[in-house]
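What follows is a set of notes on a single structure, which appears directly below.
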Amino acid sequence: MILRRTIPIWIATLGGFVMLISAFGKPIEGMGESFAEVFNVIAAIAFVLGAGSLLKANLTKISRRDAGWGFAIVTLSTFAVTLIAGIFKVGVNPSRDFPLATFSGKQTTPESPFGWLYEYAMVPLTSTMFALLAFYVASAAFRAFRAKNLEAGLLLGTAFIVLLGRTFAGVILTGWLPEWASGLRLENLSVYVMQVFNTAGNRAIIVGIALGVAATSLRILLGVDRSWMGTGGDR
Amino acid sequence: MNFWLRLDSMDRRWVFLMMGLAVAIPILWIGITGRTFPETATPAARDVFRAIDSLPEGSRVLFGFDYDPASSGELQPMATSLMRQCAAKKLRIVCIALWPLGGNLAQETLAEVVRSDFPTMREGVDFVNLGYQAGNEGVMKVVLTDFKKAFPVDSRGQPSNDIEILKDVKTVSDFPLIVNVGAGYPGNKEWIQYVISACQGKVKMVAGCTGVSAPQLYPYYPVQLAGLLGAIKGAAEYESLVNEAMGGVPAPKYLEAQRRMAPQLFGHLLMVSLILAGNGIYFAGKRRPQR
Amino acid sequence: MTRQGKTWLVMCGVLAALLIARGLTGEGLGRVYVKKVEVSLGSEQVAGAQGVSQTIWKEVPADKATMKWVEWNQVAPKEFFAARAANPAQDSISLSWPRTIGLWLGAFFTLAIMSFLYADNIAYKLAEATVIGVSAAYWMVIGFWETLVPKLFGALTPTLVSKLVLPSLQPSDVVQQISMWVALVLGVMMLWRLAPRGGWIAAWPLAFIVGVTAGLKIVSHVESDLMAQAAATMQPIVEVVPSATGGTDWYATTWATLANALVLVGVVCGLVYFLFSVQHKGVIGGAARVGVWYLMITFGAAFGFTVMGRIALLAARFEFLFDDWLWLIDPNHLRS
């Protein structure tokens, strides 16, 4: 019980309070920096954990001949090739300033196999996946974006102002308005929407989140919230 | 079958095709004709320009590249123009990155703008690329107390202590302005939360961000953020401001954001039309007697 | 053959025909050129900081070099065309097969992902499987070289790291060494999660991560998102904007005052809406309703900006296809 629950709670409390106090007090500023570095190293080691889970899931799929097991082989092969190319800096020239240090070059240069895989596989794949959302947003807007009530109407109206006001369409549609009514031009309306209504709405959300973060963090630091341990539950 | 019913039963792939054409055709048109739409800068973009313009010659600027090639479609035009204004103003530019590929993008931007158009600027004296540093907020916490501890070497491996431009830099407060182009975490929001707030007015910051994160950054403008470039529109506005200030005919690389505004225009018009059509279907359906 | 199968066949056929037609016109399409750069370096002893002599490496003529290698830098196709026109036998600029293959692979992946818009298919699944494998390994490699090597191994095995990777590595002090030993132990405990038994061991590093995150966030959020945002909301009731002539700009003053009031109302009402411990009735209910209106406007703006961002990304992908791959457009004058 002590090893499984008490010590982890004390570790969380210690880590949290050191970071908290280091923001105010010079004497333990350095300790806060050390804790932050330990945090980063653990986070980097956690990538191994992610890779382990990926291997486990895909190997299980292959051994069971589950549907799509052929694609699991592709995943594992591309994983292995990228990992080997990157970890061993295959084809990477050393840095010009330190040519005697074999691994001083950056593995991200496009001449190296790792950089090649990033530039010609990862970039097109990830950016196209994000770009695909343009199509789905269009379809969803057509199917589901209905002015059913006042709230939906406000959402829709704002979207119109932003979509039209942030392109040349705003100038085409309302550029003819005289100077005294220039505040009603779409490009100006979109500025007002962003600087007044959006600022107010998002500020309320930000303040709400800040209060939530402060409360949750304090509960963790004081050992009241133990839900992060998975099986504990709150006291 | 009446018009609204036929529209309602339309296969969604037609919508996809329309969106594809709305974006692709203007790209081809602009690519062939080279024409762009005129831009009028909004206050947020003008404030970015002013914040850089008001710095005295030789001031140090901390330039953050917190994005990667996947989001460079939106952000690279901003970084290019920001770098151009800083170089034209004869500011001393210190590039850093908290995203792994940001260091490479800083190198490319320096090559494209500084090395090619401002050849008198010397590496290590007028500009330097300190490259990527892992650690997210951890790095931000360290730059508050010891900048060179957070970035001990530059991208070539030279110790920061030996670099002329960093000679009297102790903390991030020795930079009057932070220019950060960010796509997400860690990025603009974290710089505001961990650095700008802690510096309590000693350091100003201007930011360039993606469309998705722009609305969340507006509450920080103009108090915590001196200026903000939101999405490709912000980039196009700022690009036109810098081009106007520089005079002459801008090179194609300085018109990238303005070229992108044409597909943006037709994409947005299609979105508005689709929403209107969708609502037309909805209201026509409401008017029909229910069986 | 099903109707969908026939459609796929037609689409692939049309694409292939267009590619062949494009390839046979003008300068063709989709090639990457590189310039050969021979790097020749020689060492020199100079006096460094505190008078200690240090070795620096400089570019020297090839016959005096002690270290040599070849680099291939990408150049615009027009440089190749110009070099070829000047001397057809030149070999300083040449076609890069690896990068050209990469470019075509990038185009294939882009189209493979987009093909999902029509229907799920084998090319999309292949692209999906590839992105999972490549990105998992990418983040592991970045974590290894950018964090573990300079920070962990740099503190624990400094001689090895400075010899092989970072000759300018700063020596670490005792505190750093101790903290890196702690990090190593906690990191290994974290990996215990993969073991069939003793999963609870991973709770210790998890506790450290949770605690440090909580401590780090609490200050920044309270300082930047609570105090500073509250201060930014509390603006003067009447904000006087001076005009260019020295008097008062009444239009700007009215607008600035109204804007300040609208922001204050919006923030307060938005926060009232998030107040779930009080029933939304009467004044509270009214304020919460106004808060919802503000939030709806906020979401509408977020929708507009999200659409803008996604279309910008799509435009970038189309530019890649039309410019880099198909050579249909040349906005940056790379070929002419």
Side-chain angles (χ1 to χ4, degrees), chain B residues 13 16-17 19-20 23-24 26-28 30-32 34 70-74 100 132-135 137-138 141 149 152-153 157-159 161-162 190 192-194 196-198 210-216 218-220 223-224 230-233 251-253 255-256 259-260 263-264 267-268 271, chain C residues 48-49 114 117-119 138-139 141-143 145-148 150-151 166-170 213 216-217 219-221 223-225 227-229 231-233 263 267 298-299 301-302 304-323 328-334:
Chain B
R13 285 175 290 197
F16 296 159
L17 183 67
M19 180 50 91
V23 177
I27 291 175
L28 288 169
I30 293 280
I32 292 164
S71 46
S72 62
E74 266 187 291
Y132 166 67
Q133 193 56 245
E137 298 99 326
K141 266 187 83 74
K149 190 177 174 190
V153 291
Q158 294 295 337
N161 283 323
D162 300 347
E190 286 69 30
I192 298 167
Q193 288 177 330
Y194 292 90
I196 298 301
S197 301
T210 57
V212 177
S213 55
Q216 295 144 34
Y218 264 90
Y220 298 108
V223 180
Q224 287 149 287
I232 195 73
K233 167 72 173 162
K253 65 184 171 188
L255 288 169
E256 202 179 344
R259 281 199 301 270
R260 293 257 166 85
Q264 229 39 74
H268 289 198
M271 282 298 297
Chain C
M114 284 187 180
L117 293 169
Y118 179 68
Y138 169 81
W139 288 110
V141 170
I142 293 295
W145 281 111
E146 305 292 350
T147 305
L148 296 185
K151 294 202 161 71
L166 269 175
S168 56
L169 182 78
Q170 309 284 311
T213 308
L216 201 64
K217 297 265 176 206
V219 182
S220 65
H221 277 76
E223 203 173 20
S224 156
D225 290 1
M227 310 298 279
Q229 288 294 305
T233 311
V263 169
V267 174
T298 306
F299 297 147
F305 268 82
T306 304
V307 168
M308 195 183 295
R310 297 308 176 211
I311 290 178
L313 287 182
L314 182 61
R317 293 322 298 159
F318 276 137
E319 262 186 36
F320 164 76
L321 291 176
F322 297 155
D323 182 10
L328 287 174
I329 55 171
D330 188 14
N332 289 310
H333 301 247
L334 295 176

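Note that the structure is predicted; figures quoted are calculated from it, not measured. Proteins get letters first, then strands, A, B, ... in listed order; numbering begins at 1 in each.
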So which residue, [options], ends up with the most heavy-atom pairs under 4.5 Å with chain C?
options	result
B:Ile27, B:Asn161, B:Ile232	B:Ile27
B:Arg259, B:Gln216, B:Met271	B:Arg259
B:Pro100, B:Gly20, B:Gly73	B:Pro100
B:Ser72, B:Pro219, B:Gly138	B:Pro219

Subject >> Contacts of C:Pro167 that satisfy side chain to side chain contact (heavy atoms under 4.5 Å, CB included) - sequence neighbours left out >> reply: A:Phe98, A:Ala101

Taking side chain as everything from C-beta outward and backbone as N, CA, C, O, which of these in [X] sits under 4.5 Å from a heavy atom of chain B? Side chain, backbone, both or neither.
X	result
C:Glu146	both
C:Phe322	side chain
C:Lys151	side chain
C:Leu313	side chain
C:Tyr138	side chain
C:Ala315	both
C:Leu117	both
C:Trp139	side chain
C:Arg310	side chain

Under 4.5 Å, counting heavy-atom pairs only, tell me which of [options] racks up the most with chain B.
options	result
C:Asp323, C:Leu216, C:Val307, C:Thr306	C:Leu216
C:Leu314, C:Thr147, C:Leu328, C:Val263	C:Leu314
C:Glu319, C:His333, C:Gln170	C:Glu319
C:Ala119, C:Pro331, C:Ala301	C:Pro331

Subject >> Test log, rule side-chain contact (heavy atoms from CB on, under 4.5 Å), inputs B:Lys233 and C:Phe305 >> reply: CA-CA 10 Å; B:Lys233 167 72 173 162; C:Phe305 268 82; over 6 Å; no

How close do [X] and [Y] get, heavy atom to heavy atom, and via which atoms?
X	Y	answer
B:Gly31	C:Ile329	CA-CG2, 3.7 Å
B:Arg13	C:Tyr118	NH1-O, 2.7 Å
B:Ser71	B:Thr210	CB-CG2, 4.5 Å
B:Val223	C:Ala232	CG2-CB, 3.9 Å

Tell me, for [X] versus chain C, whether the close heavy atoms (under 4.5 Å) come from the side chain, the backbone, both or neither.
X	answer
B:Val212	both
B:Glu190	neither
B:Ala70	backbone

Original post:
Should the pair B:Lys141-B:Glu137 be classified as a salt bridge under the 4.0 Å nitrogen-to-oxygen rule?
Top reply: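 Judged by the 4.0 Å cut-off on N to carboxylate O distance, B:Lys141 and B:Glu137 do not form a salt bridge.
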
Original post:
Please walk me through it: do C:Gln229 and C:Val267 pass side-chain contact (heavy atoms from CB on, under 4.5 Å)?
Top reply: CA-CA 10 Å; C:Gln229 288 294 305; C:Val267 174; over 6 Å; no

Subject >> Working for side-chain contact (heavy atoms from CB on, under 4.5 Å), residues B:Met19 and C:Ile311 >> reply: CA-CA 9 Å; B:Met19 180 50 91; C:Ile311 290 178; 4.2 Å; yes

Subject >> C:Phe318/C:Met114 under side-chain contact (heavy atoms from CB on, under 4.5 Å): CA gap, chis, key distance, verdict >> reply: CA-CA 11 Å; C:Phe318 276 137; C:Met114 284 187 180; 4.2 Å; yes

Original post:
Does C:Ser224 reach the side chain of B:Gln224, with side-chain heavy atoms less than 4.5 Å apart?
Top reply: yes

Subject >> Heavy-atom side-chain proximity of C:Asp225 to C:Lys217 below 4.5 angstrom >> reply: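 No, their side chains stay 4.5 Å or more apart.
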
